[in-house]
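Just so it is clear, the structure is predicted and the values come from calculations on it, not from any experiment.
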Amino acid sequence: MEEINDLIQQRIDKVQELRADGIDPYPNRFRVSHTLREIFERCGGLSKEELETREEEVVIAGRMMSRREHGKAAFCHIQDRSGRIQVYLRKDDLGQEGFDRFSRFMDIGDFLGIKGKTFRTRTEELTVWAREVVLLSKALRPLPEKWHGLKDIETRYRQRYVDLLVNPEVRRVFVLRSAIVQKIKDFLNRRDFLEVETPIMQPIPGGATARPFVTHHTALNRNLYLRVAPELYLKRLVVGGLERVYEINRSFRNEGLSREHNPEFTMLEFYMAYADYNDLMALTEEMLFELTRDVLGSPEVHYEGERIDFTPPWPRHTYREALVRLGEVAPEVLEDRAAAIRLAKALNLSVDPQKDSPGQVLDKIFEERVEPKLVQPTFIIDYPKELSPLSKSREDDPDLVERFELYVGRKEIANAYTELNDPMDQRERFLEQVRRREAGDQEAQWMDRDFLRALEYGLPPTAGEGIGIDRLVMILTGSPSIRDVILFPQLREEA
RNA sequence: GAGCCGCUAGCUCAUCCGGUAGAGCACCGGCCUUUUAAGCCGGUGGUGCUGGGUUCGAGUCCCAGGCGGCUCACCA
């Protein structure tokens, strides 16, 4: 073992003494009759007297989380996946040997199996009166302290197993996360979407402007990239006639870490033939409204001191409108690159007049001036074409694309557009991206010839959307950091 | 990658101006057969993140490094 302190050594000694006594500290199996929650469901409504006459026999198992000894009797609480219950042990019932074994060899953190019957104590707490106690698995390391629990953030992330054990609110977040994902799948399945899986290792990383992770396949002797998005594969599937598809995907971006960024993150991407971005706005409103209502019991959530209401409809602003009205940017700045750069500099934003295109400069101003105001669910629509190489242009204005982003709690939660399905236009957009890449933009997209070939077979009018699951879970669980909604967030090597 | 803050017993935290490092819980021993932050008595436990430096003397001051948090930059 890495480090052995006296507490661990004491427990190792106990294991050896138990073995010498013929007791296996790690027996292979133990059958339980009820989870702890089931016991509360069965007996929670029964009075002290009813319990005494009914003699409800139970066989339970769990981890001992607390203990109060009283000489020839003892109380402890054990915890399983469903809850926590008190156990009462007496020397009279367990015998000298059984009681001493509990008293001397079993520690907080150990897994115990208990046979007994339910009763109520003087304080009316539903408790299991033990007739037999067996050690199911000996813990060698002590658990954190019972009042303050485990607070050290680094330890909580590195040793999430301990965090989950002693901090019930952490378990709650991940149970909710699972329910959220399940609910989203139900929602899409009900609407005839097909859940699919597409490559995580891609020869050409596409579908998002981001720097990829590189890996190497030895047998093929070629580099592969961890996907930055599944988009181009999902659209190939729509070409193939799978008109409604979705993937809850882990994607990877080789960028900095922050409160809102983990190098691997989970996204929902879905594509719907014969729909446009307006249809997806309606679908998104419906999805998130149902989600909050069904998972949280209310369309209102509280996040970082704000009340957020998911009841539709949500406000919609065009990108330019949002800059002018919400961001209080002078309208002429939208048309005048020099003015935009002056404003960006006045706002202390890092713009590079050599490299940044007018759209990129405006986007930085957008982040600074508009994003902080987008607390309630809000759609920002009709983005500049140059920021959107995979989106379809508006019929009435070729410089804008039919695209929206959904903001909630000042975070970008979703990004969607009517998909570009004109293969010639897509080829031109890829060429523009390649020019940018050659000019040194490491996030510019790559030419994907097979994707173009797929489009040449014909992609029906289609709309597609990506929803950041981690960020959505942050808002729905009141978590300020993405690390609080990812079980094992990326950290540097342990010191 | 940059700035600021943090790192002391298994856990949560103290340690004032540089002078032999403490508490609660946990743990060990004793008492206690309905307790629940059980109680009472006694006890064990520390490379003070690492490495240098200043000093008679460093957990404390200085320098370098590690890890974490926050902010910024990049992005979803």
Selection from [options] that lies nearest to any side-chain heavy atom of [X]:
| X | options | answer |
| --- | --- | --- |
| A/K146 | B/G69, B/A26, B/U33 | B/A26 |
| A/R90 | B/C11, B/G68, B/U33 | B/U33 |
| A/I108 | B/C28, B/A76, B/A26 | B/A26 |
| A/F75 | B/C28, B/G68, B/U35 | B/U35 |
| A/T127 | B/C28, B/U35, B/U33 | B/U35 |
| A/R253 | B/C28, B/U34, B/A76 | B/A76 |
| A/K14 | B/G69, B/C27, B/U34 | B/C27 |
| A/F119 | B/C11, B/C28, B/U34 | B/U34 |
| A/K151 | B/C28, B/U12, B/U35 | B/U12 |
| A/E145 | B/G10, B/A76, B/U34 | B/G10 |

Mapping A/P144 and A/R68 to their closest nucleotides on RNA chain B, which lands nearer the 5' end?
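Closer to the 5' end of RNA chain B: A/P144.
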Using a 5.5 Å cut-off between ring centres and planes within 30 degrees, is A/W147 stacked on the base of B/A37?
no
Does a side-chain heavy-atom distance below 4.5 Å link A/I78 with A/L36?
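A/I78 reaches A/L36 side chain to side chain.
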Find out whether A/E306 and A/Q376 are in side-chain contact, i.e. whether some heavy atom of one side chain is under 4.5 Å from a heavy atom of the other.
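They are not in side-chain contact.
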Using the ring of A/F488 (Phe, Tyr or Trp, six-membered ring only), decide whether A/R160 places NZ or CZ under 6.0 Å from its centre and within 45 degrees of its axis.
no
If we count only N and O atoms by modelled type, under 3.5 Å, do the side chains of A/Q159 and A/D163 hold a donor and an acceptor together?
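Distance-only check fails for A/Q159 and A/D163.
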Do A/Q86 and A/T121 get their side chains close enough for a donor-acceptor pair, meaning under 3.5 Å?
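Absent: no donor and acceptor within the cut-off.
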Please work out which of the three classes, parallel, tilted or perpendicular, describes the rings of A/F366 and A/Y407, given edges at 30° and 60°.
tilted
Please work out whether the ring planes of A/W314 and A/F310 are parallel, tilted or perpendicular, with thresholds of 30° and 60°.
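Aromatic pair A/W314/A/F310 classed perpendicular.
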Going 5' to 3' through nucleotides 42-47 of chain B, assign each nucleotide B (protein heavy atom under 4.0 Å from a base atom), S (under 4.0 Å only from sugar-phosphate atoms) or - (no protein heavy atom that close).
--BS--
Opposite nucleotide pairing with B/G6, Watson-Crick or G-U, both atom distances under 3.5 Å:
B/C67
hbond_proxy A/Q86 side chain to B/U35 base (donor-acceptor, 3.5 Å cutoff):
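For A/Q86, whose side chain was compared with the base of B/U35, there is a donor-acceptor pair (under 3.5 Å).
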Can you tell me how far CG of A/L18 sits from NZ of A/K14, rounded to the nearest 0.5 angstrom?
9.0 Å
Filtered N/O pairs between nucleotides 71-73 of chain B and protein, under 3.5 Å:
from	atom 1	to	atom 2	distance (Å)
B/U71	OP1	A/R259	NE	3.4
B/U71	OP2	A/R259	NE	3.4
B/A73	O3'	A/S350	OG	3.1

Does A/M447 have more than 12 heavy atoms from other residues, nucleotides or ligands lying within 6.0 Å of its CE?
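Counting neighbours around CE of A/M447, more than 12 heavy atoms of other residues, nucleotides or ligands fall under 6.0 Å, so yes.
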